[in-house]
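Read the numbers this way: they start at 1 and go in the same order the structure lists the ligands and their atoms.
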Amino acid sequence: MLKVENLKKSFGGRQILDDVNFTVEDGNILTIVGPSGAGKTTLLRCITGLETADSGTFIIDGQKFNPQDLEKSDNVMGVVFQDFNLFPHLSVLENLTLAPIMVTKQSKAAAQERGLQLLKQLGLQDKENLYPYQLSGGQKQRVAIARALAMQPKILCYDEPTSALDPNLRDEVANLILDLKAQGVTQLVVTHDMEFAKRIADKMLTVQALD
Ligand SMILES: Nc1ncnc2c1ncn2[C@@H]1O[C@H](COP(=O)(O)OP(=O)(O)OP(=O)(O)O)[C@@H](O)[C@H]1O
Ligand SMILES: [Mg+2]
C-alpha cells in the first residue's frame, strides 16, 4: 500500500499542492484528475522523486520512504512520461535493458530475456531492433510502459497516457492498464479525460486548483 500524507509543494511562493492525502491499495488503480495547472504532474513528480516536496510523508508497505533516495527508490516507482522520453539513439530492446543493466546490475543476458518477454506481453514481439523513430505513437507508448516494467517497480505511474495518442487508442491503453492490474501491478494515472479515468479507476483523486 502507498500512503501519502500532507504533501505540500509551492513554486516561487505560489502554493500548488496543499495537504494532499491519499492511499492506494496494492494492485489498485488511482486516477488523479483536476483542471489544467492544478498540479497533477507536480504531484506525480513529487511522488516519483523527480521534484522535491516541501513537506509530506510517503509510506510504502508501512515503511516511511523518501522518493529522492535514489539507491532505495530504483525499484519502487516506474514512470511512463507523457511524451514517452524514449532514448532516441537506442533500439527498443536497448531502451528496455539500459536501466536493469546499469542501475540494478542485471546481466545483459538476463535483462534481454526479460525485455523480450515484456515486448511479447505488450504485443511488440518483432520490434526489438527498431529505433523509436520507426514506431507509431501507440507503439512508443507500449515501449515506454515495457521499459518502466523492466525495473519491476512496485508502483507504475503515468502522466496523461492517452493525450499523445489517437482517440481510438484510448480503449487500448485502458485495456493495457487493466491487464497490468490483473497481473497485480499498482498504478497511478494522471489524466484530464474523465471518461477514461472512470473506466479504469478503483479510486479517484481530484487535485484542486489553488490561488
Ligand atoms: N518547475 C516549475 N517551476 C515553477 N512553476 C512550476 C514548475 N512546475 C510546474 N509549475 C507550475 O505549477 C502549476 C501546476 O503545474 P502542473 O504541470 O503540475 O499542472 P497539471 O495539473 O499537470 O496541468 P496539465 O493538466 O495542464 O498538465 C502550474 O501553474 C505550473 O506553471
Ligand atoms: Mg500535467
Side-chain angles (χ1 to χ4, degrees), residues 2-24 28-60 65-70 73 76-87 132 137-138 140-145 147-149 153 155-174 176-178 180-181 185-211:
L2 167 71
K3 192 173 178 129
V4 172
E5 293 177 332
N6 307 114
L7 172 60
K8 291 180 192 268
K9 177 70 188 174
S10 57
F11 286 116
R14 203 173 129 238
Q15 196 77 29
I16 305 295
L17 302 171
D18 192 15
D19 270 341
V20 174
N21 291 280
F22 64 87
T23 56
V24 196
N28 275 9
I29 297 171
L30 175 79
T31 55
I32 300 169
V33 298
S36 178
K40 303 181 296 298
T41 296
T42 303
L43 174 59
L44 208 63
R45 289 176 58 84
C46 289
I47 300 167
T48 53
L50 295 166
E51 194 74 69
T52 318
D54 297 339
S55 60
T57 311
F58 303 86
I59 299 164
I60 288 188
F65 154 80
N66 175 1
Q68 294 198 307
D69 183 347
L70 284 180
S73 64
V76 177
M77 297 280 177
V79 189
V80 180
F81 296 98
Q82 182 166 8
D83 49 6
F84 316 133
N85 282 3
L86 295 175
F87 305 116
K140 273 186 224 172
Q141 186 183 47
R142 278 179 282 147
V143 172
I145 295 172
R147 182 176 63 174
L149 287 170
I155 298 171
L156 188 51
C157 302
Y158 307 75
D159 194 358
E160 302 281 4
T162 58
S163 68
L165 301 179
D166 201 282
N168 60 27
L169 286 175
R170 191 173 71 162
D171 285 348
E172 206 174 286
V173 180
L176 180 53
I177 290 173
L178 291 170
L180 292 172
K181 175 186 160 152
V185 182
T186 307
Q187 297 170 95
L188 264 56
V189 184
V190 165
T191 181
H192 64 270
D193 181 340
M194 282 304 280
E195 210 181 302
F196 175 76
K198 282 186 190 146
R199 175 149 177 230
I200 60 172
D202 291 299
K203 208 161 150 184
M204 231 189 267
L205 172 74
T206 304
V207 179
Q208 309 286 353
L210 307 172
D211 34 25

Worksheet entry | Interatomic distance, Leu30 atom CG to Ile200 atom CD1 [nearest 0.5 angstrom] | 9.5 Å
Worksheet item: Below 4.5 Å, heavy atoms only, C-beta onward: do Leu2 and Met77 meet side chain to side chain?
Response: yes
Discussion item. I need the Asp159 CG to Thr41 OG1 distance, nearest 0.5 Å.
Written reply: 3.5 Å
Discussion item. Below 2.8 Å, which protein N, O or S atoms neighbour the Mg ion (ligand 2), ignoring water?
Written reply: Thr41 OG1
Please tabulate, line by line, the atom pairs linking an N/O of ligand 1 to a protein N/O at a distance below 3.5 Å, with the distance in Å to 0.1, or answer 'none'.
unit_1, atom_1, unit_2, atom_2, d
ligand 1, 18 (O), Thr41, N, 3.4
ligand 1, 18 (O), Thr42, N, 2.9
ligand 1, 18 (O), Thr42, OG1, 2.6
ligand 1, 19 (O), Gly39, N, 3.4
ligand 1, 21 (O), Ala38, N, 3.3
ligand 1, 21 (O), Gly39, N, 2.9
ligand 1, 21 (O), Lys40, N, 2.9
ligand 1, 21 (O), Lys40, NZ, 2.9
ligand 1, 22 (O), Thr41, N, 2.9
ligand 1, 22 (O), Thr41, OG1, 2.9
ligand 1, 23 (O), Gly37, N, 2.8
ligand 1, 25 (O), Lys40, NZ, 2.7
ligand 1, 26 (O), Ser36, OG, 2.5
ligand 1, 29 (O), Arg14, NH1, 3.3
ligand 1, 29 (O), Arg14, NH2, 3.4

Discussion item. Return the CD to CZ distance between Glu160 and Phe196, rounded to the nearest 0.5 Å.
Written reply: 9.5 Å
Worksheet entry | Test applied, side-chain contact (heavy atoms from CB on, under 4.5 Å); reference residue, Asn6; option that passes from Thr57, Asp18, Asn21 | Asn21
Item to complete: Check Ala148 against Val80 and note the closest heavy-atom contact, atom names and distance.
Response: CB-CG2, 4.2 Å
Response to the item:
Heavy-atom nearest pair, Leu7 first then Ala53, reads CD1-CB, 3.2 Å
Worksheet item: How many angstroms lie between CD in Gln141 and CD in Gln82, if you round to the nearest 0.5 Å?
Response: 10.5 Å
Item to complete: Would you please test Glu195 and Arg170 for side-chain contact (heavy atoms from CB on, under 4.5 Å) and show each step?
Response: CA-CA 10 Å; Glu195 210 181 302; Arg170 191 173 71 162; 3.1 Å; yes
